[in-house]
Amino acid sequence: MTTELKQKEEVKPELTSAEHPATKYLREERLPHIWCSGCGLGSAVTSLTNAYEKLEIPIDDIGVVSGIGCSGRAAGYFETDSYHTTHGRAIPFATGLKLSNPEMNVTVFSGDGDLFAIGGNHFIHAARRNLDMTVICVNNYNFGMTGGQFGPTTPRGATATTSPYGNYENPFNLPDLAASAGAVYVARWTSVHARRIQQAMEDALSKKGFSFVEILSPCPTGYGRKNDLGEGIDELKSYQNRAVIKHESDPSEAEIERDPEAEIVVGNFVDIDRPTYCEVADDYLQSQ
Amino acid sequence: MSTEIEKEKATEKWPTDKGYIYIREDYCKGCGYCIEFCPQEVLEESAGFNEKGYHPPEPTAIDKCVNCGFCSIICPDFAIWDEKEGTNE
Ligand SMILES: Cc1ncc(C[n+]2csc(CCOP(=O)(O)OP(=O)(O)O)c2C)c(N)n1
Ligand code: SF4
Ligand code: SF4
Ligand code: SF4
Ligand SMILES: [Mg+2]
């Protein structure tokens, strides 16, 4: 191992923690990862591995599924069962995984473009059916991997490679979409709320049914640069100022404006119970 | 009131963990998140470069570390983490 640990061994031989806590769940031979300096994806991965650890879910019972994109690279780093699927198809793949192995804890980890542009239809139907899985969307308001095109969450007026004069389309409000389609747990946080994200992930993973966590995340290379947001750290500081926590508020009021001063509503919007797809199917088939 | 004084008070009032910090310099991409968001101002940017050309953080006030783990969770590159070394009475 080519670690360049700073103080280990020579100074504090009695201490043992020579690994970052996330690496227990990751394929270390693939690290360091490819993501840019200040990209929010790595922090989201740590929040997730911390949640697995806190809930003591055995590594063999976890399946992580991603589509395509920078966010889609995440699955490839997990040393759980993990699947880097085709663009937009993380949820169909996760559905098959869950139905064939109902004991598996299935997490979909993917981007705004993957889950809501090409994969949008799968999202609404998985929510409608209340499939027992957790979907984590790292929303960086653009297609980061392919060079910063606008997508279904790009705020109005924002600049992207494909909207040089500003985006005039109306974006999705993801918590509202998830709640309307039938998700039983819906939360939104920003990358600076790393602990809250971990807590939301713990809640989502423990929840039976379709749970959704949106993470508003810096993409300094794509969206950030084109919209004069500065470095990743400037984006995180701006989230600190803009975020207003409104638990159990109406998600339809949680629209995101491009204006760098405008308030962004975060919090846990939905936490309800209704029978899952597998429960409904079992009941129905037994009654026949 | 200075936040410095508030923090001093907070750590005086309750017994806190005493933390120890590890930095894996070759993974660091110099985003500065750990330095900016450490609640105890334990870290500073180092003068040296790593092999990628970034300045990794260095703990310049390790005595103030309370093992809260925020640097480890906010670091996007799995490059910094903490361990409990003892308790501050
Ligand atoms: C079928 C297909 N169409 C288009 C692409 C090109 N493509 C790769 S990633 C991507 C968008 C990813 O956006 P998002 O999910 O937001 O991920 P990010 O990179 O922003 O994390 C697209 C359109 C592809 N790989 N496959
Ligand atoms: S392009 Fe954006 S999303 Fe992709 S790794 Fe870089 S910062 Fe992250
Ligand atoms: S563990 Fe907490 S107090 Fe210690 S360096 Fe990290 S962020 Fe600062
Ligand atoms: S948060 Fe991680 S990558 Fe960023 S400066 Fe600190 S150690 Fe380096
Ligand atoms: Mg994206």
Side-chain angles (χ1 to χ4, degrees), chain A residues 1-9 11-12 14-26 28 30-51 77 138 191-199 217-218 220 231-237 239-240, chain B residues 3 17-39 41-63 65-87:
Chain A
M1 200 163 78
T2 57
T3 51
E4 297 170 27
L5 285 175
K6 234 183 156 162
Q7 312 92 336
K8 244 232 128 191
E9 259 87 70
V11 188
K12 304 276 178 186
E14 70 280 14
L15 295 179
T16 52
S17 193
E19 300 290 327
H20 185 277
T23 51
K24 191 164 137 189
Y25 293 87
L26 303 179
E28 272 204 87
R30 307 199 70 190
L31 299 177
H33 58 59
I34 60 152
W35 296 319
C36 308
S37 167
C39 174
L41 281 159
S43 324
V45 166
T46 301
S47 295
L48 180 58
T49 60
N50 281 0
Y77 294 118
V138 177
S191 289
V192 83
H193 300 96
R195 288 240 185 269
R196 308 275 197 160
I197 296 171
Q198 183 187 327
Q199 183 60 54
S217 172
E231 301 290 331
I233 195 156
D234 302 311
E235 260 186 85
L236 288 198
K237 286 185 196 162
Y239 279 139
Q240 258 186 328
Chain B
T3 49
D17 281 1
K18 213 167 128 46
Y20 186 69
I21 292 300
Y22 298 90
I23 296 162
R24 185 160 172 168
E25 296 196 345
D26 55 339
Y27 278 14
C28 172
K29 293 188 191 139
C31 67
Y33 291 179
C34 55
I35 300 169
E36 175 69 26
F37 297 109
C38 165
E41 288 159 34
V42 169
L43 306 158
E44 275 178 54
E45 192 179 276
S46 63
F49 294 98
N50 68 7
E51 61 197 33
K52 291 189 177 72
Y54 295 111
H55 298 286
E58 74 185 325
T60 48
I62 190 68
D63 294 347
C65 175
V66 290
N67 191 38
C68 71
F70 199 73
C71 51
S72 125
I73 191 170
I74 199 81
C75 171
D77 286 274
F78 319 118
I80 184 166
W81 63 98
D82 56 317
E83 184 175 3
K84 181 172 172 174
E85 204 196 343
T87 310

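Sequence lines set the chain letters: A, B, ... in the order given, protein chains first and strands last, and positions in each chain run from 1. If you're wondering where the values come from, they're calculated on a predicted model, not measured in any experiment.
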Which of A:S37, A:C36, A:C39 passes side chain to side chain contact (heavy atoms under 4.5 Å, CB included) with B:K29? Answer is A:S37

Handout entry: Within 6.0 angstrom of A:Q199 CD, more than 12 heavy atoms from elsewhere
Key = yes

Region of [X] in contact with chain B, defined by heavy-atom distances below 4.5 Å:
X      : result
A:L41  : neither
A:S191 : backbone
A:L31  : both

Under 4.5 Å to a heavy atom of chain A? For B:Y54 that would be side chain

Closest heavy-atom pair, A:V192 versus B:F70, reported as atoms and distance to 0.1 Å, is O-CZ, 3.6 Å

Shortest non-hydrogen pair, B:Y33 vs A:G38, comes out as OH-O, 2.7 Å

Donor-acceptor pair, A:H33 side chain versus B:F78 backbone, under 3.5 Å? no

So, does B:Y22 use its side chain to make a donor-acceptor pair with the main chain of A:E19 at under 3.5 Å?
-> no

Salt bridge (Lys or Arg N to Asp or Glu O under 4.0 Å) filter on B:E36, not counting sequence neighbours, yields A:K237

Comparing A:Q198, A:Q240, A:R195, A:E231 against chain B, the one with the most heavy-atom pairs below 4.5 Å turns out to be A:R195

Exercise for the section: Mind running side-chain contact (heavy atoms from CB on, under 4.5 Å) on A:S43 and B:I73 for me, showing each step along the way? Expected result: CA-CA 6 Å; A:S43 324; B:I73 191 170; over 6 Å; no

Run the side-chain contact (heavy atoms from CB on, under 4.5 Å) test on B:S72 and A:H20 for me, step by step, so that the C-alpha distance in whole Å, both residues' side-chain angles and the decisive distance to 0.1 Å come before the verdict. CA-CA 7 Å; B:S72 125; A:H20 185 277; 3.9 Å; yes

